[in-house]
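Accompanying notes for the structure given below.
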Amino acid sequence: MLRYPEFEAPFAPLEEAVLPWTEAAKVQLLVKREDRSHPFISGNKWRKLKYPMRTAWEQGKSHLITFGGAYSNHLLATAAAGAKYGFRTTGIVRGEEVNNPILHWCKLFGMELKFISRTAYQDKETLHAELEMRFPEALLIPEGGNSAEGMLGVAELVNELPVATDHLFTAVGTGATLHGLIAGRNNTSHHFHLHGIWVLKGMSALDSSFAADARGPVTLHHDFHFGGYAKTSPELWTFIQSFATQTGILLDQVYEGKMMYAVKTLLEAGVFPEGSSLVAIHNGGLAGLVSKS
Ligand SMILES: *Cc1c(COP(=O)(O)O)cnc(C)c1O
């Protein structure tokens, strides 16, 4: 039975993280715990699903089809949200058939998985046309929830930030979250400086698209991808471990570990004046931590 995708205000509190490096820099670091909104529909994936799912409901679509790699947090969020609100879900997975905890959970939530070759996956136009013809009752949600409607949901997060925020940090994958935060800031009287931490290598060409949208300062950081998407190093794992040990907050190695490592590095470099108020968005992703350690 289809149910209206309620998406009530998520439980995503601000939590202060006090660490030797925040004390040394004399700044306040708050973590926006978007990871706590739901065990599986978490972080920016929750924000990005809200409006597309409401659109599906309004258009009388009973089926959600979406796309992702085998470790996609978005696939899992869609599977869990589909189950919660009564939609049939299909996940189109890039590459040869594999299994891992994320895909296992997707299946437990009733998602049907279809593995397709990288070449077929890349040809989005053909793929979308085929799916639309075959499943007229379905709404197609782009990979990562990266859509204008997705960004609308992310923009709402800005209203939950303290007025005194000086700097706001987010990891950047597709960039939909950063675009959403820029839109959210444009619509409010917030003046904070936005920082996007790229978790992929060699993405500079996209930087100007963010600047073009923004009415305030936004800086893209390219020094914290650790060699590329999902690449790690012993240093990153040591950092994740010490952050968890000192705060009780777990960070994944694909996104949030790299984002927070950037915050620490910038603090230690003295980039932010004493008394600054920093907010780092924790966008979840802990399923990836379980899958890959
Ligand atoms: C998807 C994801 C991101 C990246 O978000 P984009 O909107 O694609 O830039 C960051 N952190 C986590 C935990 C994610 O799952």
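Start at 1 and go down the list; that is how both ligands and their atoms are numbered. Just so we're clear, the structure is a prediction, and the values are computed from it rather than from any experiment.
The aromatic rings of H167 and F272 sit tilted relative to each other, their planes meeting at an angle between 30° and 60°. Below 30°, between 30° and 60°, or above 60°: for F210 and W198 the angle between ring planes is above 60°, a perpendicular geometry. Taking the six-membered ring where the residue is Trp, H190 and F192 present tilted rings, their angle falling between 30° and 60°.
Looking at atom 8 (O) of ligand 1, its nearest protein heavy atom turns out to be T174 OG1, 2.7 Å. In this structure, the protein non-hydrogen atom closest to atom 5 (O) of ligand 1 is N44 ND2, 3.0 Å. Counting protein heavy atoms only, atom 10 (C) of ligand 1 is closest to Y255 CD2, 3.2 Å.
The shortest N or O to N or O distance between K45 and ligand 1 is under 3.5 Å. Below 3.5 Å of separation, one finds no N or O of A171 facing any N or O of ligand 1. Between N283 and ligand 1, no pair of N/O atoms sits closer than 3.5 Å. Note: an N/O pair closer than 3.5 Å links G175 and ligand 1 by distance alone. In terms of polar-atom proximity, D252 is not counted as a contact of ligand 1, lacking any N or O under 3.5 Å from an N or O of the ligand.
The closest approach between a heavy atom of G284 and any atom of ligand 1 is below 4.0 Å. Residue K48 places a heavy atom under 4.0 Å from ligand 1.
Taking every non-hydrogen atom of G285 and a distance limit under 4.0 Å, the qualifying atoms of ligand 1 come out as 13 (C). Using a 4.0 Å cut-off to heavy atoms of V172, the atoms of ligand 1 that qualify are 9 (O). Less than 4.0 angstrom separates some heavy atom of A176 from each of these atoms of ligand 1: 7 (O), 9 (O). Near T177, with a cut-off below 4.0 Å to any heavy atom, the atoms of ligand 1 are 5 (O), 6 (P), 7 (O).
Under a 4.0 Å N-O distance rule, the pair R47/E160 qualifies as a salt bridge. Using a 4.0 Å cut-off between a side-chain N of Lys or Arg and a carboxylate O of Asp or Glu, R54 and E149 do not qualify as a salt bridge.
Between Y229 and Y71, the distance from one ring center to the other does not fall under 6.0 angstrom. A ring-centre distance under 6.0 Å is not found for H221 and Y261.
Contact annotation: for N73 versus ligand 1, heavy atoms closer than 4.0 Å belong to the side chain alone. Contacts between V199 and ligand 1 below 4.0 angstrom, taking non-hydrogen atoms only, are absent altogether. Contacts with ligand 1 closer than 4.0 Å are made by side-chain heavy atoms of E256 only, the backbone lying farther away.
Here the shortest heavy-atom pairing between G69 and L75 reads O-CD1, 3.6 Å.
Judged by a 6.0 Å distance limit and a 45° cone about the ring axis, K45 is positioned over the six-membered ring of Y255.
The side chain to side chain contact (heavy atoms under 4.5 Å, CB included) test with T78 is passed by exactly one of I65, L49, T90: L49.
Between the OG1 atom of T55 and the CG atom of L152 there is a distance of 9.0 Å, given to the nearest 0.5 Å.
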